[in-house]
Amino acid sequence: MSKKIVFIGAGSVRYTIKLIGDLAKTCELNNVDIGLMDIDEERLRATHILAEKYSEELGANLNIQSTTDLEEALKNADFIINTALARAEGHEDGYVQYEIVRKIGEEHGYYRGIDSQEFNMVSDYYTLSNYNHLKMSLDIARTIEKVCPDAWLLQTSNPVFEITQLIKDLTKVKVVGFCHGYAHIFKVTEALNIDPEKVDWQVAGVNHAIWLNRFYFENLNGYEILKKWIKDKSEKWQPKDPWDVDLSFAAIDMYEFYGMLPIGDTVRSGTWKYHYDLETKKRWYGKFGGIDNEIERPKFYDQLRKTRSKLIKLAEELRENRNLKLTDVAPEIFPESIDSQEQHIPFINALINYKKARLVLNVENNGTLKNLPDDIVVEIPVTVDESGIHPEKIEPDLTDRIKEWYLMPRILKMKWALEAFKTADLRAIEEILLRDPRTRSYKQVKGVIKDILDLPFNKEMKNYYS
């Protein structure tokens with residue numbers, strides 16, 4: 001019987017099409033059944049049209065169905081890829097409410113909003129004010145538990161750390177968190193001008209807080225190569241774009257304090273030292289100030305929206321002209337040969353087709369990272385095969401400073417946010433903000449929370465916490 005892969009939030013600009021491309025390029029999976037589910041009929045229809053045409057151009061024979069009904073989509077599912085982002089009625093996307101909540105936070109003295117917290121500065125998601133998204137993600141998991149309890153849930157939409165942990169804690173779903181941040185190791189090897197194929201590397205931590213614990217190049221200590229780069233070239237470093245922060249002044253400063261290099265989104269988080277204001281961000285992340293600021297982040301949202309509009313228009317053109325070739329007219333979205341570096345399809349292929357894969361996934365710790373709780377979801381290298389997921393032994397271990405000064409505080413932030421959500425106790429959010437260095441009074445805390453809860457799209461959240 002053919003395997004079924006379901007995409008929840010299939011109208012996603014960032015994931016569905018490129019994962020369909022990965023599927024089509026994986027010959028062992030060319031005949032799987034695909035279920036597309038989204039509540040937005042226009043985007044769902046466009047994704048269906050484009051996915052069928054793209055897979056056809058790549059020579060695959062994917063059986064694609066689409067529906068706006070979650071339970072219908074999940075029937076007989078073997079794998080569910082959740083990219084859904086909660087979206088308020090009348091909003092163009094989920095990012096609209098993020099910007100509204102952020103603005104309220106800034107009006108009350110919280111630069112970048114109340115959800116920008118130490119060790120969690122990435123602007124792609126919220127954890128304190130994001131009841132709507134946490135609730136939606138948990139509801140999806142509980143529906144999976146009811147309709148297809150043996151299926152794997154590949155949690156992709158952020159916050160991967162909090163959502164994967166929440167689902168693991170409150171359901172019996174086989175959930176694994178996915179993030180492409182690990183691939184920034186290859187940005188580092190490129191900057192150091194060394195062949196990534198000859199690098200022995202390992203990263204470990206929690207999502208958006210991973211560190212390069214093992215780094216060898218042709219049996220040489222890769223950190224010696226990094227030290228030479230720091231000595232000879234770091235002062236002249238300039239970012240190519242807002243995302244280019246892998247060897248930024250912040251990354252090097254974190255390496256020198258914690259003893260290992262932060263990888264991917266870890267560089268964007270850190271403490272307030274790097275994030276007090278835009279000027280501070282530019283000092284540490286270069287002329288753009290990174291991607292998590294009031295200038296570059298809105299540009300990124302606009303770029304996503306333009307891409308979405310382009311995809312919808314392309315789908316309309318395809319309905320009129322089936323001879324239109326996507327790989328010719330939009331090769332940046334529909335590449336013929338380049339893999340996406342996303343890990344979802346190699347994971348699925350490894351489990352069902354004996355194609356063993358080394359991946360970096362978010363799974364339960366169970367002693368892999370010493371001196372961290374066993375029941376916490378950690379991001380570590382694993383081998384996946386037909387018998388399941390097998391964590392690598394972490395060698396060498398992360399430094400004590402990484403664990404005690406970075407990971408443990410980040411884990412606490414996650415646990416506090418989920419404690420507030422699980423118990424419906426607004427005092428937990430108050431206590432988090434009372435520990436925030438931007439807070440000057442309890443009145444300030446009460447005021448910002450009230451204004452956020454009073455937003456029309458937070459009516460359910462307000463009722464829940466009252």
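Heavy-atom contacts from other residues, nucleotides or ligands closer than 6.0 Å to CD of Glu235 number 12 or fewer. Environment of CG in Asn219: sparse, with no more than 12 heavy atoms of neighbouring residues, nucleotides or ligands closer than 6.0 Å. Other residues, nucleotides and ligands contribute over 12 non-hydrogen atoms within 6.0 Å of the CZ atom of Arg358. Heavy atoms from other residues, nucleotides or ligands lying under 6.0 Å from OH of Tyr216 number 12 at most. The environment of Glu197 atom CD is sparse: at most 12 non-hydrogen atoms of other residues, nucleotides or ligands sit within 6.0 angstrom. For Tyr354, the OH atom sits in a loose shell: 12 or fewer heavy atoms of surrounding residues, nucleotides or ligands are nearer than 6.0 Å. Open room surrounds CH2 on Trp405; 12 or fewer heavy atoms of other groups in view lie less than 6.0 Å from it. In this structure, Asp241 places its CG atom where more than 12 heavy-atom neighbours from other residues, nucleotides or ligands lie under 6.0 Å away.
Between atom CD1 of residue Ile429 and atom CG of residue Leu453 there is a gap of 7.5 Å, rounded to the nearest 0.5 Å. Of the inter-residue distances, the one linking Ser340 atom OG with Ile17 atom CD1 reads 12.5 Å to the nearest 0.5 angstrom. From Ile144, atom CD1 reaches atom CG of Asp139 across 11.0 Å, with rounding to the nearest 0.5 Å. Here the straight-line distance linking atom CE of Met136 with atom CD1 of Ile163 works out to 7.0 Å at 0.5 Å rounding. The structure places CG of Leu407 at 7.5 Å from CG of Leu369, a figure rounded to the nearest 0.5 Å. In this structure, NZ in Lys413 is found 7.5 Å from CD1 in Ile432, a value given to the nearest 0.5 Å.
When all heavy atoms are compared, the tightest approach of Ala250 to Tyr285 is CB-CE2, 3.5 Å. Taking each heavy atom of Arg102 and Tyr126 in turn, the nearest pair found is CB-OH, 3.2 Å. Of all the heavy atoms in Ile114 and Ile452, the pair that sits closest is CD1-CD1, 3.6 Å. Gly11 and Asp38 get closest at one heavy-atom pair: N-OD2, 2.8 Å. The two residues Val101 and Asp115 come nearest to each other via the heavy atoms CG1-OD2, 4.3 Å. Here the shortest heavy-atom pairing between Arg438 and Gly113 reads NH1-O, 2.9 Å.
With hydrogens and angles left out, the side-chain atoms of Glu342 and His180 include a donor and acceptor closer than 3.5 Å. Counted by atom type alone, Gln155 and Ser157 present one or more donor-acceptor pairs between their side chains at under 3.5 Å. For the residue pair Asp253 and Tyr274, a side-chain donor N or O sits within less than 3.5 Å of a side-chain acceptor on the partner.
Without hydrogens or angle criteria, Gln343 side chain to Phe178 main chain gives no donor-acceptor distance under 3.5 Å. Remark: side-chain polar atoms of Thr266 are paired, donor with acceptor, to backbone N or O of Ile210 under 3.5 angstrom. Between the Ser116 side chain and the Val122 main chain, no donor and acceptor come within less than 3.5 Å of each other. Within the 3.5 Å criterion, the main-chain N or O of Met461 finds no donor-acceptor partner in the side chain of Asn458. Between the side chain of Asp265 and the backbone N or O of Arg268, no donor-acceptor pair lies under 3.5 Å. Although no hydrogens or angles enter the test, the distance criterion places no donor-acceptor pair under 3.5 Å between the side chain of Thr26 and the main chain of Leu29. Remark: side-chain polar atoms of Asn293 are paired, donor with acceptor, to backbone N or O of Phe288 under 3.5 angstrom. With hydrogens and angles ignored, the 3.5 Å screen pairs a side-chain donor or acceptor of Gln202 with a backbone N or O of Lys393. At distances below 3.5 Å, at least one donor-acceptor pair connects side-chain atoms of Gln444 with backbone N or O atoms of His108. A donor-acceptor distance shorter than 3.5 angstrom exists from the side chain of Asp78 to the backbone of Lys4, with no hydrogens or angles considered.
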Q: Mind running side-chain contact (heavy atoms from CB on, under 4.5 Å) on Tyr276 and Trp284 for me, showing each step along the way?
A: CA-CA 11 Å; Tyr276 285 118; Trp284 289 104; over 6 Å; no
Q.
If you apply the rule side chain to side chain donor-acceptor pair (under 3.5 Å), what do you find for His344 with Thr156, and how did you get there?
A. CA-CA 9 Å; His344 306 68; Thr156 304; 2.8 Å; yes
Q.
Before you tell me yes or no, could you show the steps for Ser129 and Tyr98 under side chain to side chain donor-acceptor pair (under 3.5 Å), namely the whole-Å CA-CA distance, both residues' side-chain angles and the distance that decides it to 0.1 Å?
A. CA-CA 9 Å; Ser129 65; Tyr98 283 9; over 6 Å; no
**Q.** Step-by-step side-chain contact (heavy atoms from CB on, under 4.5 Å) determination, Ile449 to Tyr465
**A.** CA-CA 11 Å; Ile449 291 175; Tyr465 279 109; over 6 Å; no
Q: Show your reasoning for whether side-chain contact (heavy atoms from CB on, under 4.5 Å) applies to Met408 and Leu372.
A: CA-CA 8 Å; Met408 290 175 70; Leu372 293 181; 3.8 Å; yes
**Q.** side-chain contact (heavy atoms from CB on, under 4.5 Å) between Leu154 and Val176, worked out
**A.** CA-CA 5 Å; Leu154 286 61; Val176 179; 5.6 Å; no
(Q) One pair to check against side chain to side chain donor-acceptor pair (under 3.5 Å): Thr127 and Asn130. What are the steps and the verdict? (A) CA-CA 5 Å; Thr127 56; Asn130 210 5; over 6 Å; no
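The distance between the ring centers of Phe119 and Tyr406 falls below 6.0 angstrom. The six-membered or imidazole ring of Phe421 lies away from that of His133, with a centre-to-centre distance of 6.0 Å or more. Residues His91 and Phe457 place their aromatic rings such that the two centres sit under 6.0 Å apart.
Of the candidates Trp229, Phe215, Phe217, Phe215 is the only one forming a ring pair (Phe, Tyr, Trp, His ring centres under 6.0 Å) with Tyr223.
Legend: residues meeting salt bridge (Lys or Arg N to Asp or Glu O under 4.0 Å) with Asp169, ordered by chain and number and at least two apart, are Lys422.
Counting only residues at least two apart or in different chains, salt bridge (charged side-chain N to carboxylate O under 4.0 Å, His left out) contacts with residues 441-466 comprise Lys135-Glu460, Glu430-Lys446, Lys450-Asp454, Asp454-Lys462.
You'll find the side chain of Val160 stays beyond 4.5 Å of the side chain of Tyr125, heavy atoms only. Residues Arg283 and Phe249 fail the side-chain proximity criterion, which asks for heavy atoms closer than 4.5 Å.
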